[in-house]
Amino acid sequence: MDISEVRKGSKVLIDGQPYNIEEAEFMKPGKGRAIYRYRLRNLIDGKSMERTYHSGESMQEANISTREGQYLYKEADHFVFMNTDTFEQYLIDAKKLEDKQHYLKEGMIVVTLFLGDQPLDITLPIFIEAAVVKTDIAVRTDTVTAQMKRATLETGLEVDVPTFVKEGDVLKIDTRTGNYVERVVTKK
Amino acid sequence: MQHEENRHLAALEANLKRRALIFKIARRFFDEQGFLEVETPLRSPAIAPEQEIVPFTSEGWFLATSPELYMKRLLAAGYRNLYQISHCFRKGERGKLHNPEFTMLEWYRAGDDYRTMISDTEQLVLTISRELGFGDAVKYQGKTIDLALPWGGLTVSEAYKQLAGWDPGPNPDPIKFDTDMATKVIPYFNAHRPTVLTDYPAPMASLARLKQNEPGVAERAEVFIGGLEIANAYSELIDRKEQTTRFKKEIEEIHRKQKRDAPLPERFLVAMDNLPASGGIALGMDRLVMLFCDAASIDEVIAFNSDNA
């Protein structure tokens with residue numbers, strides 16, 4: 001698209017990478033060339049950068065959309081999701097998901113970001129609930145500070161949890177920080 | 001939605017009242033000196049061809065990007081001192097200081113040159129400031145600007161050497177010239193005084209006369225106050241042949257690079273045979289109102305901008 005059509009919120013493609021225009025500044029001497037200064041955020045790695053363009057230049061528009069998907073299962077190096085509207089399945093590379101893969105629980109609904117037909121990334125729910133599959137029995141020590149220990153969840157995530165947590169307990173985890181929030185089910 | 005619009009418009013009331021007052025003062029300023037207020041068409045079959053000013057088309061005609069050519073046709077017919085406050089339209093110009101439809105004040109003096117137009121501007125701005133009760137200084141975006149006369153001036157060559165580290169000479173690279181103007185020159189003018197930038201490289205002034213003893217330089221001046229580009233003055237080019245050559249070159253570039261229609265304004269060129277030596281200037285009224293309303297954005301001084309029209 002012509003540079004004059006690019007707006008704050010436009011999605012563009014630079015070197016194959018999709019960006020969101022976060023801020024757009026238009027400068028123009030009355031008789032002179034227009035100058036467009038943008039702050040852009042990479043939609044995959046979240047890094048921001050600044051770019052300057054002039055009138056007459058153009059940018060490639062990125063066909064970005066979001067769709068709801070249900071996580072089905074992991075297969076080799078990728079994760080399999082299903083579009084909840086069309087029931088079509090799509091794969092996302094484990095590498096692309098980075099740490100997010102450790103929060104995925106079968107059946108979970110996530111928002112998926114697409115570039116054209118290609119899934120790029122997912123947005124996790126803020127909180128997930130997952131069962132503890134492995135944690136040591138706490139060893140009491142003589143301190144007054146809260147004691148924490150490591151626990152592995154069914155999703156593969158490792159978190160620091162209070163010492164009272166046992167294998168089989170279901171915990172609420174904040175996906176933004178990876179921190180334990182509370183115990184929601186206690187194993188009988 | 002209606003509630004939001006009403007709140008927005010109510011918040012603008014003080015600025016819109018001051019805007020109306022500024023328009024009244026400006027009209028009185030020119031009326032008292034015997035200028036004739038005129039109106040010219042907003043839709044025309046041909047406008048001045050300029051690469052960096054893109055017009056809106058209207059049923060094969062063009063919306064005015066400036067009233068300049070009509071004002072000069074009146075001068076050519078023998079009118080002496082003229083002014084007009086009119087809406088101008090420039091496609092794609094939208095930002096904190098731009099709306100695609102804006103208000104221009106243009107005035108012309110037969111028998112004068114760009115220097116007189118700058119002294120008119122000094123007097124006009126000072127008159128408005130005093131009548132609004134600001135006296136000789138106005139506060140804009142946290143800085144006090146001393147409007148006392150005379151305003152400081154520097155040539156384009158001096159400004160670029162001081163602030164951008166290079167001399168544009170008679171034929172600078174237009175991208176570098178415009179980028180540095182916006183990012184290195186204008187932002188670093190004395191923030192507490194208006195600045196008059198004079199003597200532009202000839203290619204940056206398509207309708208201005210060249211300096212007699214310095215043919216690479218055009219008699220063009222621009223007024224900046226508080227970082228705002230306020231007004232642009234010319235000693236008008238009155239040489240029909242030279243103007244035709246410049247227009248044709250510009251049209252060629254427009255066709256080649258932008259593939260848009262840009263007819264030669266024939267009637268204006270014919271009228272140029274009778275155009276007397278004149279000074280002319282275009283002043284952005286919205287910007288002037290911004291200055292006196294301490295507004296950071298043009299949206300604070302017009303009721304309806306292109307995003308909420």
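Hydrogens, waters and symmetry mates play no part in the numbers below; they use all other heavy atoms, side chains included. Given the structure is predicted, the values throughout are model-derived calculations rather than measurements.
Here A/Lys28 is the residue among A/His54, A/Glu25, A/Lys28 with the most heavy-atom pairs under 4.5 Å with chain B. Per-residue heavy-atom pair counts under 4.5 Å with chain B were compared for A/Pro29, A/Ser4, A/Ser55, and the maximum is reached by A/Pro29. When each of B/Ile53, B/Thr183, B/Ile175 is scored by its heavy-atom pairs under 4.5 Å with chain A, the top score falls to B/Ile175. Between chain A and the residues B/Gln51, B/Glu93, B/Glu222, B/Arg220, the largest count of heavy-atom pairs under 4.5 Å involves B/Glu93.
Taking the charged nitrogens against the carboxylate oxygens, A/Glu61 and A/Lys11 have no contact shorter than 4.0 Å, which rules out a salt bridge. Salt bridge B/Glu253/B/Lys249: absent, no basic N to carboxylate O contact under 4.0 Å.
B/Ser206 approaches B/Arg246 most closely through the heavy-atom pair O-NH1, 3.0 Å.
The closest side-chain heavy-atom distance from B/Leu207 to B/Lys72 is below 4.5 Å.
If you run side-chain contact (heavy atoms from CB on, under 4.5 Å) between A/Lys100 and each of A/Val110, A/Asp121, A/Ile92, only A/Asp121 comes through.
Only the side chain of B/Arg90 comes within less than 4.5 Å of a heavy atom in chain A; its backbone stays farther off.
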